[in-house]
Amino acid sequence: MAQKPSIPKGTRDFSPAEVSKRNFIFETIRGQFQKFGFQAIETPSFENSETLMGKYGEEGDRLIFKILNSGDFLKKADSQALGQKDSHKITSYISEKALRYDLTVPFARYVVQHQNELEFPFKRYQIQPVWRADRPQKGRFREFFQCDADVVGSTSLWQEVEFVQLYDAVFTALGLKGTTIKINNRKVLSGFAEVIGESERLIDFTVALDKLDKIGEDGVKKEMQEKGISSEAIEKIQPIFNLTGSFSDKTEGLKDILATSEVGKKGIEELEFINSSLESLGLQTATLDLDVTLARGLNYYTGAIFEVAAPKEVKLGSIGGGGRYDDLTGIFGLKDMSGVGISFGLDRIYLVLEELNLFPETVAQNTKVLFINFGEKEALYGLKAIKKLRTSGITAELYPEDAKMKKQMNYANRREIPFVVLAGAEEMEQEKFTLKNMKSGEQFSVSVYELVEKLK
RNA sequence: GUGGUUGUAGCUCAGCUGGUUAGAGCGCCUGAUUGUGGUUCAGGAGGUCGCCGGUUCGAACCCGGUCUUCCACCCCA
């Protein structure tokens, strides 16, 4: 071995066992998506840069992987920009495609592009990898899968109610109990900013507020101050730090705080509708919680904002997020098309299930029986039985070489194949097979028919 | 993108203030055992010490760069 090969930072190879577990999550999510009436679409892994750039805020642009143009791309680059080593400027000359950063923006593009073929409200789901040029950490990769479900073409709040139920259904089906579905509303956040007279600094305000659980109340206030929010304003929003109790306790508190804000009141109304509906419908294993500090993905969300936290004992960021965006398709030229959707972070859900030991043992599909190879004639004899087993839906295989028994048995052992068939001259003569249970060590002499029956 | 951290055999890790041929456990291969694995015993293979450069008589160890890992920030699934 000269130089060990490697894979890029933040990417991973998946072993057979890992793939089995990942597929278990995929299939569970897919199953629930379909039950809720979503239909799958797929979009290209890369888009035209202009489709993605500017949709995720400044920070987002930095994290988008750009694809270098083909051919002699430097020839066309602006020589002045090149001379100045202005990376930002040069990028537009040498790269016109980029890897997708999430599934929502490509979906919006898809809706606009195919608007005449779609039936609205259009419910789609999409399970594909996305890429971010982020610095990796635990549960943070540069290539990871998102599982999205979105509805466009309906402003009905029943959609939000459905999505909370969908979250609950998926995590319940995965056996992951005790998740918290945090909900907030952009209108409430706008209301806060309005009430304190800092509407122009809405984003700075909410970004700071979002860090409450991380840096504490004083930290939040300090950051707000640094961003230029006045002390009077900070004083005014003090009550939001004191919101506690049940969902309705919090909405009652919000009513006082946002009494003078029309947007704010609208936001509270929406939250109350969603909560009371869900109280009647009930959730299986998840808990719905109002978290007014939740502000993620603010860039295009206009109504509800969702985020799912794993059970408390697992230290990991969110395992899902989503919200309503009233005008995402507007940037691609289609007005008045409200959308709402949620996303599941497959890779993080994997880490959580692994940490809590929640993967069912049955996820790994393995060969059920290995035929020991004793030579050419015996192999053929074995393969005839294997053919029958496979027709009956049993995974069976023949060891390809007539290697030493020890080696073949060892192979079965290591691959955790539960049964082995020994069929040599003796068995062939009697038209039998020796079936051995690798765990108990028991052996039986059986006919082909009995072999199929026993292994079913 | 900013600051820090990590890298020694397939895996988990030792390796003293720089000093001869770099070690352990597990795993792997061979044999004891030529149609019976997981146990045991005996033997064996396997490392340009992440990479590049520097300091030194001498570098796994010190210095610089680079890549990678993990962590904090930023941001986020």
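Note that the coordinates shown come from a computational prediction; the quantities given were computed from them, not determined experimentally. Reckoned from all heavy atoms, side chains included, excluding hydrogens, waters and symmetry mates. Per chain, numbering begins at 1; letters A, B, ... match sequence-line order.
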Quiz item: When all nucleic acid strands are considered with a 4.0 Å heavy-atom cut-off, which category describes A:Ser318: base, sugar-phosphate, or nothing?
Solution: sugar-phosphate

Practice problem: Could you state the atom-to-atom distance from CZ of A:Arg100 to P of B:A77 in whole Å? | Solution: 15 Å

Practice problem: Send over the distance from A:Gln128 CD to B:A77 C1', rounded to a whole Å. | Solution: 16 Å

Quiz item: Using a distance-only test with no angle check, is there a side-chain donor-acceptor pair under 3.5 angstrom linking A:Ser343 and A:Asp148?
Solution: yes

Exercise. Measure the distance from CZ on A:Arg415 to P on B:G27 and round it to the nearest whole Å.
Key: 21 Å

Quiz item: Below 6.0 angstrom between ring centroids: does that apply to A:Phe65 and A:Phe46?
Solution: no

Quiz item: Reading RNA chain B 5' to 3', what string of ( ), [ ], | and . shows its pairs, if Watson-Crick and G-U wobble pairs count only when both distances fall under 3.5 Å?
Solution: ((((..(..((((.....[...)))).(((((.......))))).....(((((..]....))))))..))))....

Practice problem: Go along nucleotides 66-72 of chain B 5' to 3' and tag each nucleotide: B for a protein heavy atom under 4.0 Å from its base, S when only backbone or sugar atoms are that close, - otherwise. | Solution: --SS-SB

Quiz prompt | Inter-nucleotide C1' distance (B:C61, B:G50), Å rounded | solution = 15 Å

Self-check item: Whole-Å gap separating C1' (B:G37) and CG (A:Asn437)
Solution: 12 Å

Quiz prompt | Ring-base stacking, A:Phe344 with B:A77 (5.5 Å, 30° cut-offs) | solution = no

Practice problem: Using the P atoms only, state how far B:G46 lies from B:A9, rounded to an integer number of Å. | Solution: 15 Å

Quiz item: Rounded to whole angstroms, how far apart are OH on A:Tyr101 and C1' on B:A77?
Solution: 10 Å

Quiz item: Excluding sequence neighbours, so at least two apart, what forms salt bridge (Lys or Arg N to Asp or Glu O under 4.0 Å) with A:Glu18?
Solution: none

Quiz item: Roughly how far apart, to the nearest Å, are B:G18 and B:C70 at atom P?
Solution: 31 Å

Quiz item: In whole angstrom, what separates A:Arg62's CZ from B:C75's P?
Solution: 10 Å

Quiz item: Considering all heavy atoms of both residues, which atom of A:Thr43 and which atom of A:Ile41 are nearest to each other, and what is their separation?
Solution: CG2-CD1, 4.1 Å

Quiz item: To the nearest 0.5 Å, how far apart are CD in A:Glu59 and CG in A:Asp134?
Solution: 8.5 Å

Exercise. Select base, sugar-phosphate, or nothing to describe what A:Gly60 touches, counting heavy atoms under 4.0 Å on all strands.
Key: nothing

Quiz item: With rounding to whole Å, what would you report as the distance between B:U8 and B:U12 at their C1' atoms?
Solution: 12 Å

Quiz item: A:Lys221: what forms a salt bridge (Lys or Arg N to Asp or Glu O under 4.0 Å) with it, not counting sequence neighbours?
Solution: A:Glu217

Quiz item: Taking atom P of B:A77 as reference, at what distance in whole Å does atom CD1 of A:Ile127 sit?
Solution: 17 Å

Quiz item: Expressed in angstrom and rounded to an integer, what is the separation of A:Tyr350 atom OH from B:A77 atom C1'?
Solution: 17 Å

List the atom pairs, with distances to 0.1 Å, where a side-chain N or O of residues 416-434 of chain A and a protein N or O form a donor-acceptor pair under 3.5 Å, not counting sequence neighbours.
| residue | atom | partner | partner atom | Å |
| --- | --- | --- | --- | --- |
| A:Glu427 | OE1 | A:Gly424 | N | 3.0 |
| A:Glu427 | OE2 | A:Thr434 | OG1 | 2.5 |

Quiz prompt | Gap in Å between the two C1' atoms, one belonging to B:U2 and one to B:C11, rounded | solution = 34 Å

Quiz item: What interatomic distance, in whole Å, is found between P of B:A77 and the corresponding atom of B:C13?
Solution: 32 Å

Quiz prompt | CD/A:Gln39: more than 12 non-hydrogen atoms of other groups inside 6.0 Å | solution = no

Practice problem: Would you please indicate yes or no on a ring centroid separation below 6.0 angstrom for A:Tyr125 and A:Phe38? | Solution: no

Quiz item: How would you label the contact of A:Gln146 with the nucleic acid (heavy atoms, under 4.0 Å): base, sugar-phosphate, or nothing?
Solution: sugar-phosphate

Quiz prompt | 5' priority, RNA chain B, between A:Ile319 and A:Ala133 [closest heavy atom] | solution = A:Ala133

Quiz item: Can we call the ring centroids of A:Phe344 and A:Phe306 under 6.0 Å apart?
Solution: no

Practice problem: In whole angstrom, give me the gap between the P atoms of B:C49 and B:A22. | Solution: 10 Å

Quiz item: Which value, in whole Å, describes the distance between the P atoms of nucleotides B:C51 and B:G10?
Solution: 13 Å

Quiz item: Is the number of heavy atoms from other residues, nucleotides or ligands under 6.0 Å of A:Glu42 CD greater than 12?
Solution: no

Quiz prompt | Contact state string [nucleotides 28-36 of chain B, B base, S sugar-phosphate only, - no protein heavy atom under 4.0 Å] | solution = SS-SB--BB

Self-check item: Side-chain N,O (A:Lys211) to OP1/OP2 (B:C75) below 4.0 Å
Solution: yes

Quiz prompt | Pair A:Phe36 + A:Phe163: ring centers closer than 6.0 Å | solution = no

Practice problem: Kindly point out which of B:C76, B:C75, B:G37 is positioned nearest to the side chain of A:Asn413? | Solution: B:G37

Practice problem: Taking the six-membered ring for Trp and the single ring otherwise, decide whether the centroids of A:Tyr411 and A:Tyr399 are under 6.0 Å apart. | Solution: yes

